[in-house]
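Keep in mind that what you see is a predicted model, and the values were worked out from it rather than measured.
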Amino acid sequence: MFLVRRASQDLPKKLTGIANRSFKSLKIQGDSVDSPIPSSLTHGIHVFHCPDAVGIVAKLSECIASRGGNILGADVFVPEKKHVFYSRSEFIFDPAKWSRSQMEEDFLKLSTTFNAMKSVVRVPDQDPKYKIAVLVSKQEHCLVDLLHQWQDGRLPVDITSVISNHDRAPNTHVFRFLQRHGIPYHYVSSNGDYKSEVEMLNLVQGTDFLVLARYMQVLSGDFLKKYGKDIINIHHGLLPSFKGGSPSRQAFDAGVKLIGATSHFVTEELDAGPIIEQMVERVSHRDNLQSFVQKSENLEKQCLSKAIKSYCELRVLPYQENKTVVF
């Protein structure tokens, strides 16, 4: 803990100088956020998005320090000529000295002071896990990977249901896994009609966000508006190239040397939402379509789970009309 205390003691001095000058980005690192935390202390995360102004970083630091908290790491991004401020802070605190309700009140005051567009605080050990529903079609590699990560405690979510336009038999691996763990499986036919979307909307009530794990149907603008929350999709291609269907075939036919996968938010425009995560792998003339697809599927699994974890850890913030800041 010596390094944490030293970083915390030195931080106000660093921030005093920083707060009075212009900067594009800042990263302050104390002890690793993965370092052991004393049992009396708890880990918290705060993200902030507001118009840029002098003194924001100093006030954020003061808010945490005034309640006995120690900042473990802070990321700041101030894009040139945009007059906006983004930050993400990880800190430890004593719940006996800083209650969850008081914490919300303190950060709300900061939010009001700086006219924040977004101010979210999360305490993973105290707050409920995000509830998600996973939508999937016939291909199961992304779904199976998410289920096993969830089972192993490596995915910080509660999966409330799996919804598919493909009817799986009770003796299939996925169906048995879901049944064993008490996760409902719902088959909703993909007629593209109003009734099927109404049924899906009823099934996803109470979720915090949705995950499309190779769900090969287009959600209508009406569905997106009525659901009103974030939806994360995995596209088996390196967007903005190779949009739509069969991107692996498109990439193979184009003779590319890099293939990729893209996790992005769903919008009304197909495969055009803000990008959260992208991963790539090299291919060559020695690859055939089958090896292209195998490499692509491995990338898809990694890319989707990374995007979900980043989202749950409050690392993803909207930036401009169709971009993201990912800390």
Side-chain angles (χ1 to χ4, degrees), residues 1-50 52-79 84-95 97-98 100 102-104 106-108 110-111 114 116-127 129-130 154-156 276-277 305-319 324-327:
M1 285 304 294
F2 174 75
L3 287 176
V4 176
R5 287 196 298 269
R6 186 178 67 185
S8 301
Q9 290 162 0
D10 291 346
L11 194 55
K13 297 177 183 177
K14 295 178 184 177
L15 297 179
T16 301
I18 291 166
N20 292 308
R21 62 183 175 86
S22 175
F23 57 90
K24 296 179 182 179
S25 64
L26 166 71
K27 186 163 186 172
I28 299 170
Q29 193 71 48
D31 256 6
S32 167
V33 295
D34 296 322
S35 298
I37 295 175
S39 57
S40 61
L41 302 180
T42 300
H43 174 227
I45 307 167
H46 177 255
V47 293
F48 207 51
H49 175 203
C50 67
D52 191 25
V54 173
I56 302 173
V57 177
K59 287 293 184 183
L60 283 168
S61 175
E62 181 184 341
C63 176
I64 295 169
S66 66
R67 298 293 183 181
N70 281 338
I71 293 177
L72 297 181
D75 287 291
V76 170
F77 174 57
V78 181
V84 289
F85 173 95
Y86 297 86
S87 74
R88 179 182 183 275
S89 306
E90 295 204 27
F91 57 94
I92 52 175
F93 68 99
D94 186 344
K97 298 178 181 178
W98 198 9
R100 190 67 179 81
Q102 184 63 58
M103 184 182 294
E104 288 284 355
D106 290 344
F107 282 119
L108 179 60
L110 268 182
S111 178
F114 291 106
M117 290 81 90
K118 187 181 186 75
S119 176
V120 180
V121 62
R122 185 160 180 80
V123 181
D125 289 343
Q126 295 181 4
D127 298 346
K129 289 183 178 180
Y130 287 106
R154 292 181 288 121
L155 202 64
I276 304 169
E277 182 64 56
S305 64
K306 178 72 179 299
I308 293 171
K309 289 173 185 175
S310 293
Y311 184 90
C312 292
E313 293 170 359
L314 304 184
R315 296 184 182 277
V316 185
L317 291 168
Y319 173 46
T324 57
V325 171
V326 182
F327 286 121

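With sequence neighbours excluded, no residue satisfies ring pair (Phe, Tyr, Trp, His ring centres under 6.0 Å) with F327. Not a single side chain to side chain donor-acceptor pair (under 3.5 Å) links R122 to another residue, sequence neighbours left out.
The shortest side-chain heavy-atom distance between S87 and V57 does not fall under the 4.5 Å cut-off. Residues H46 and I64 form no side-chain contact, since every pair of their non-hydrogen atoms from C-beta on lies 4.5 Å or further apart. Proximity of F114 to D52: side-chain heavy atoms (C-beta onward) are nowhere separated by under 4.5 Å. Counting only heavy atoms from C-beta outward, the side chains of R67 and K97 never approach each other to under 4.5 Å. C50 places a side-chain heavy atom less than 4.5 Å from the side chain of I56. For the pair L108/S119, no side-chain contact is recorded, criterion being any heavy-atom separation below 4.5 Å from C-beta on.
Using a 4.0 Å cut-off between a side-chain N of Lys or Arg and a carboxylate O of Asp or Glu, R100 and D127 qualify as a salt bridge.
The minimum heavy-atom distance between L314 and V47, with the atom names listed, is O-CG1, 3.0 Å. Listed here is the closest heavy atom pair of K309 and R154: CE-O, 3.0 Å.
Between the side chain of S66 and the backbone N or O of C63 there is at least one donor-acceptor pair closer than 3.5 Å.
Once rounded to the nearest 0.5 Å, the distance linking CD1 of I92 with CG of L41 reads 5.0 Å. To the nearest 0.5 angstrom, L110 atom CG is 5.5 Å from L60 atom CG. With rounding to the nearest 0.5 Å, the separation of OH in Y130 from CD in E313 is 10.0 Å. A distance of 8.5 Å separates CD in E90 from CG in D75, rounded to the nearest 0.5 Å. Annotation: the span from H43 atom NE2 to F93 atom CZ amounts to 9.5 Å, rounded to 0.5 Å. The distance from atom OG1 of T324 to atom CD of E277, rounded to the nearest 0.5 Å, is 9.5 Å.
Within 6.0 Å of atom NZ in K306, 12 or fewer heavy atoms from other residues, nucleotides or ligands are found, so the atom counts as exposed in its surroundings.
Using the six-membered ring where Trp is involved, Y319 and F77 have ring planes that are perpendicular, over 60° apart on the 30 and 60° scheme. Ring pair H49/Y86 is parallel by interplanar angle, where below 30° counts as parallel and above 60° as perpendicular.
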